[in-house]
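Accompanying notes for the structure given below.
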Amino acid sequence: MTGNKKKSMGKLFAMSLLKSLLSIAILLVAGFCSYKVSYYFLSKSATTIKTDEESIKEILKEAQTEDISKNLIYVCNEKDQITHMMLEICNTNTNNMDYVTIPTRNDYTIPSTMYRKLCTISENIPQIIRISKIKQYFDDEEQAYGYGLLIVEKMLGTSLSYYTVLDQETYDNHYQQVKVKLSYKKTEDAAATPTPTPSESAAPASSSTKTKMKISCASEAYINQLKDVQGDESKIVEYIKSQYDRVNSNLTVTNKIGYIKSYEAMNVDYFHYWGCPGSYDGKIFTVDTKAAKKFIKSLVDNEVPYTTAQDLTTTQKATAVPASTTSQKSKTSTKKAKKVSSKGKNILVLNGSKINGLAGKTQQKLQDAGYTVPKVGDYTNETVTVTKIIVKEDGQGEDLAKYFKNPEVTVGMVEDGYDIEIIVGTTDANQ
């Protein structure tokens, strides 16, 4: 009797186990079939799309000189990661050169229509793509850079002329990173999919947003290299040819030399560098597509030649205002505003002169005059000549100007916990 019970229990257990295994097998098969069916229909819905080879050929064909070119610059390391990305805007009408840094630790949601097309080329590509990892989803480099350009076009809301790829060593020799503060009009939820719905595009919300980021700027060594060939057509041609031995681009060296007249007339000191409108959630950057499109259009449409060097210590305003007039407008509005006493405000003093002890002397001088200066430090970017007084609101900082030689008072972002930031320049070393 006991033996029969054991046999019955054993049989029952075996049947239950078999049913469980069968259920798991059915779920796995259903999941696999679901994936294949979804992929089939995604591919089927995009049957009218050009093949990857045709699309790349079209990109290559369209890579040519334009009056205002927009060159997407990739920087790649030995691990095939995109470590840096810049948009170079070369304006042959004004001879302006702008560089917009696009953070690569950047998650972008590819619009559904475009994603369906990309699925016909790479079934492994995710709809939410990390910009730094674009290369890993395509079979070869030409595909990666070509389709990467198309993805970035969607992300920035603007068409691009061609792309150029630099290796990490070349980037490190030519560029440095500078931390800037960027202000722009936010027109969409940065956490949402960048592609607007019809209702959003009809009446976009708008609010002022500020963010901090590191942008790529030409290094002093690179600027000196460019100055050595500046104004000499034959030297510029030879320089471009030598550089093309180190880069990968879908613009031929012959077409690149088509910009020779502009390169000849450009002043390297007047190159401008910008951050891309967007925001960080702590680690990941998300481009604000509408704001980026508007900002890039303002750079392209700017008909005012740059005649002064850019000041990266003030807040960058990614608006339609021509960059060359922004600094002057800030100074003018400050003068018209009602003066506000700086006493009682927290003031941060930074030594921008590279002269030891200057920040401490300035701190003592201001404290003796009744101002609050709890901290001093070093300004780690380039050496500053004229002292800069950066305030949060118009009218602030005017009473501090008398302690320096013709300082620049501008409205911008200052370090958290402070109301005013003073970067002491070399002209005040003997004050």
Side-chain angles (χ1 to χ4, degrees), residues 176-184 208-215 217 273 275 279-283 285 309-317 326-327 329-431:
Q176 61 181 342
Q177 288 197 297
V178 177
K179 193 170 185 179
V180 299
K181 301 155 188 174
L182 177 72
S183 172
Y184 72 96
S208 181
T209 301
K210 294 181 180 179
T211 189
K212 296 180 181 179
M213 67 174 67
K214 289 182 178 180
I215 64 171
C217 303
Y273 307 92
S279 58
Y280 286 96
D281 65 359
K283 291 184 178 180
F285 184 85
Q310 185 184 24
D311 184 0
L312 292 174
T313 63
T314 59
T315 299
Q316 294 191 349
K317 297 184 183 298
T326 303
S327 178
K329 285 192 174 187
S330 296
K331 294 175 189 177
T332 303
S333 61
T334 303
K335 290 178 182 177
K336 290 181 179 179
K338 183 178 179 181
K339 292 183 180 180
V340 178
S341 174
S342 300
K343 291 187 176 179
K345 306 287 186 183
N346 277 344
I347 302 171
L348 171 65
V349 174
L350 299 177
N351 187 352
S353 69
K354 305 295 189 290
I355 299 171
N356 291 334
L358 186 56
K361 290 179 182 178
T362 304
Q363 177 189 39
Q364 189 61 54
K365 177 170 63 177
L366 293 178
Q367 286 179 335
D368 290 344
Y371 294 97
T372 304
V373 188
K375 181 181 175 182
V376 299
D378 290 323
Y379 181 66
T380 56
N381 294 336
E382 75 281 356
T383 301
V384 175
T385 303
V386 178
T387 296
K388 304 176 189 302
I389 301 175
I390 305 169
V391 298
K392 288 183 176 179
E393 300 175 6
D394 286 346
Q396 291 182 340
E398 292 295 325
D399 55 335
L400 294 168
K402 63 185 177 183
Y403 298 99
F404 307 95
K405 293 180 181 178
N406 299 317
E408 294 179 1
V409 181
T410 56
V411 177
M413 288 181 67
V414 303
E415 187 173 315
D416 292 342
Y418 295 90
D419 304 294
I420 299 170
E421 190 172 301
I422 301 175
I423 305 173
V424 187
T426 55
T427 56
D428 286 296
N430 299 319
Q431 279 285 81

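Below, each value reflects all heavy atoms present in this structure, side chains not excepted, and no hydrogens, waters or symmetry copies.
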Looking at Ile420, is its backbone amide N or carbonyl O close enough to the side chain of Gln396 to form a donor-acceptor pair, meaning the two atoms are under 3.5 Å apart? no
Heavy atoms only: give me the nearest Val424-Thr362 pair and the separation to one decimal. CG2-OG1, 3.8 Å
Evaluate the side-chain proximity of Lys388 to Thr410: yes if any heavy-atom separation is below 4.5 Å, no if none is. no
Correct closest heavy-atom pair for Val386 and Pro407 would be CG1-CA, 4.1 Å
Is the side chain of Thr426 donor-acceptor paired with the backbone N or O of Ser353 at a distance under 3.5 Å, no angle test? no
Rounded to the nearest 0.5 Å, how far apart are CE of Met213 and CZ of Phe285? 4.0 Å
Is atom CG of Asn356 surrounded by more than 12 heavy atoms (other residues, nucleotides or ligands) closer than 6.0 Å? no
Rounded to the nearest 0.5 Å, what's the gap from OH on Tyr403 to CG on Asp428? Could you check? 13.5 Å
Just wondering, more than 12 heavy atoms not from Asn406 lying within 6.0 Å of its CG? no
Please check if the number of heavy atoms outside Lys392 that lie under 6.0 Å from its NZ is greater than 12. yes
Glu408 and Asp311 have their tightest heavy-atom pair at OE1-OD2, 3.6 Å
For Pro374 and Gln363, which heavy atoms make the closest approach, and how far apart are they? C-NE2, 4.1 Å
From OG (Ser342) to CG (Leu366), nearest 0.5 Å: 9.5 Å
Under 3.5 Å donor-acceptor, Asp378 side chain and Lys354 backbone: no
So, does Glu421 use its side chain to make a donor-acceptor pair with the main chain of Ile390 at under 3.5 Å? no
Locate the shortest heavy-atom distance separating Ala359 from Gly377; write the atom from each residue and the value. CB-O, 4.0 Å
Mind checking the CG-CD spacing from Leu350 to Glu415? Nearest 0.5 Å is all I need. 7.5 Å
Does a sphere of radius 6.0 Å around NZ in Lys212 hold more than 12 heavy atoms from other residues, nucleotides or ligands, not counting ones at 6.0 Å or beyond? yes
Could you go through Ile347 and Leu400, starting from their C-alpha distance and side-chain angles, then the distance that decides it, and tell me whether this counts as side-chain contact (heavy atoms from CB on, under 4.5 Å)? CA-CA 10 Å; Ile347 302 171; Leu400 294 168; 4.1 Å; yes
Closest non-hydrogen contact found for Leu312 with Cys217 is CD1-SG, 3.7 Å
Is there side-chain contact between Val180 and Tyr273, with at least one heavy-atom pair below 4.5 Å? no
May I ask you to check whether over 12 heavy atoms, not counting those of Lys214, lie within 6.0 Å of atom NZ? no
Reported NZ-to-CD1 distance for the pair Lys179 and Ile215, which is rounded to 0.5 angstrom: 12.5 Å
Calculate, to the nearest 0.5 Å, the distance between atoms OG1 and CG belonging to Thr383 and Asn351 respectively. 9.5 Å
